[in-house]
Number of protein chains: 2
Amino acid sequence: MSRSHTDVPSPARQAVLESCPIGEVLDHVAGKWSIGILVAAAAGPIRFTELERAVGGISRRMLTLNLRKLERDGMLVRTVYPTVPPKVEYALTPMARELHDTLVGLTDWAERHRGAIAAARADYDATQPAAV
Amino acid sequence: MSRSHTDVPSPARQAVLESCPIGEVLDHVAGKWSIGILVAAAAGPIRFTELERAVGGISRRMLTLNLRKLERDGMLVRTVYPTVPPKVEYALTPMARELHDTLVGLTDWAERHRGAIAAARADYDATQPAAV
DNA sequence: CTGAATCCTTCAGGATACTG
DNA sequence: CAGTATCCTGAAGGATTCAG
């Protein structure tokens, strides 16, 4: 029997559907700070205040929120030492470490094309009528 | 001479600084739609309306904005055919194609850990006192 | 030291209508 | 077909203050 007109999504649509999980990845990595935190913690367990300095420019609020999110997603392990003053360490999980490795691929790409992108942008801005 | 107390950033801080370009990457890939557009256009030149259907759920406004942004960054080439009705095709640049390949690494990671992340989340939510 | 709580601003993104 | 122009909302994020 003939198919209705609502089926067979285009190849492009299928490709989008298949790469859908990448959207979830980005959810864990999205935001201004998640990656910075991941990178800062990659070297080994790191304390709250150390993170604050390492990431640079992040507010306490956002640091806390992002840490909670990453912990919830199983990217970070939070260890509290019941001392006084309190000491809390955050460490990457193996999963997060893998992610960190994968991210290196992106960094490389960025390094390689940083100049090209800047050039393309300058070119575009020069070509387009000034958006007054 | 002894160094002041303001120098020698921590290793973690240095790591963050070194991986800084990744922040720029994300700027090009950030947002809800950029990746979808990239993926949809990966198969070959694609028209505006085709993109609209392929990405799915995107508004005309956001599609236009994202296309302009990607074009400006040198990820897309916009070709106008002065016919009637108008026909416009968007094609990935080699640079964007490389990015697309790199993104596959992330997709793989997401696939592999999708379950683990969901589990970690359920675990976390079960452990934490219900945030009423 | 490590947060939680509150207030406020900004802006990505959605809905809708109009046009060459 | 391929946009542009407006209006509007929600969520991200910054600043500041309070607390165990």
Side-chain angles (χ1 to χ4, degrees), chain A residues 10 12 23-24 26-37 40-41 45-73 76-91 124 128-132, chain B residues 10 12 23-24 26-38 40-41 45-73 76-91 124 127-132:
Chain A
S10 69
E24 300 181 18
L26 265 0
D27 277 351
H28 310 309
V29 161
K32 217 169 162 183
W33 307 111
S34 298
I35 299 215
I37 294 173
I46 185 171
R47 299 183 57 177
F48 187 88
T49 308
E50 289 173 341
L51 270 171
E52 199 175 351
R53 276 195 302 266
V55 174
I58 189 172
S59 64
R60 275 206 184 77
R61 174 180 138 81
M62 290 318 293
L63 180 53
T64 301
L65 287 181
N66 278 283
L67 287 174
R68 292 290 172 275
K69 180 181 181 182
L70 290 171
E71 188 193 354
R72 185 170 110 100
D73 287 342
L76 288 181
V77 175
R78 180 169 178 268
T79 309
V80 181
Y81 299 91
T83 62
V84 41
K87 173 179 175 181
V88 181
E89 278 188 347
Y90 294 89
Y124 184 93
Q128 302 306 313
V132 182
Chain B
S10 69
E24 299 180 19
L26 264 1
D27 278 352
H28 311 309
V29 160
K32 217 167 158 183
W33 307 111
S34 298
I35 298 213
I37 294 174
L38 246 32
I46 186 172
R47 301 183 56 175
F48 187 89
T49 307
E50 290 173 339
L51 269 171
E52 199 175 351
R53 275 194 302 267
V55 174
I58 189 173
S59 63
R60 276 208 183 79
R61 173 180 139 81
M62 288 318 294
L63 180 54
T64 301
L65 288 181
N66 278 283
L67 286 174
R68 292 289 175 275
K69 180 180 182 183
L70 290 171
E71 188 193 354
R72 184 170 110 102
D73 288 342
L76 288 180
V77 174
R78 180 169 178 268
T79 309
V80 181
Y81 298 90
T83 60
V84 42
K87 173 179 176 180
V88 181
E89 277 188 345
Y90 295 89
Y124 183 94
T127 304
Q128 302 305 316
V132 183

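Chain letters run A, B, ... following the sequence lines, proteins first and then strands; every chain starts at 1. Just so it is clear, the structure is predicted and the values come from calculations on it, not from any experiment.
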message = How long is the straight-line distance from CZ of R72(A) back to CZ of R78(A), given to the nearest 0.5 Å?
response = 15.5 Å
task = Report the distance from atom CZ of R68(B) to atom CG of L76(B), rounding to the nearest 0.5 Å.
result =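 CG of L76(B) is found 10.5 Å from CZ of R68(B).
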request  = Compare side-chain N and O positions of R47(A) against OP1 and OP2 of dT2(C) and report whether any pair is under 4.0 Å apart.
outcome  =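 Affirmative; the distance criterion is met.
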In whole Å, what is the span from the [atom1] atom of [X] to the [atom2] atom of [N]?
X: I37(A); N: dT2(C); atom1: CD1; atom2: P; value: 14 Å
X: R68(A); N: dA12(D); atom1: CZ; atom2: P; value: 17 Å
X: E71(B); N: dA2(D); atom1: CD; atom2: C1'; value: 14 Å
X: K69(A); N: dA11(D); atom1: NZ; atom2: P; value: 13 Å
X: L63(A); N: dA15(D); atom1: CG; atom2: P; value: 14 Å
X: L51(A); N: dC1(C); atom1: CG; atom2: C1'; value: 13 Å
X: Y90(A); N: dT2(C); atom1: OH; atom2: C1'; value: 7 Å
X: L70(B); N: dA12(C); atom1: CG; atom2: P; value: 14 Å

key: Contact summary for E89(B) and K87(B), nearest pair of heavy atoms   =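 Taking E89(B) first and K87(B) second, the nearest heavy atoms are OE2-CE, 3.8 Å.
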ask   = Of all heavy-atom pairs between L51(B) and A40(B), which one has the smallest distance, and what is that distance?
value = CD2-CB, 3.8 Å
task = Just call it for T64(A): base, sugar-phosphate, or nothing, with non-hydrogen atoms closer than 4.0 Å on any strand.
result =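 Result for T64(A) = sugar-phosphate.
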remark   = Heavy-atom contacts, protein to nucleotides 13-20 of chain C, under 4.0 Å, summarised as B (base), S (sugar-phosphate only) or - (none) per nt, yield BBB----B
List, one per line, each side-chain donor-acceptor pair under 3.5 Å for residues 52-67 of chain B, sequence neighbours excluded.
from, atom 1, to, atom 2, distance (Å)
S59(B), OG, M62(B), N, 3.2
T64(B), OG1, R60(B), O, 2.9
N66(B), OD1, S34(B), OG, 3.3
N66(B), ND2, M62(B), O, 2.8

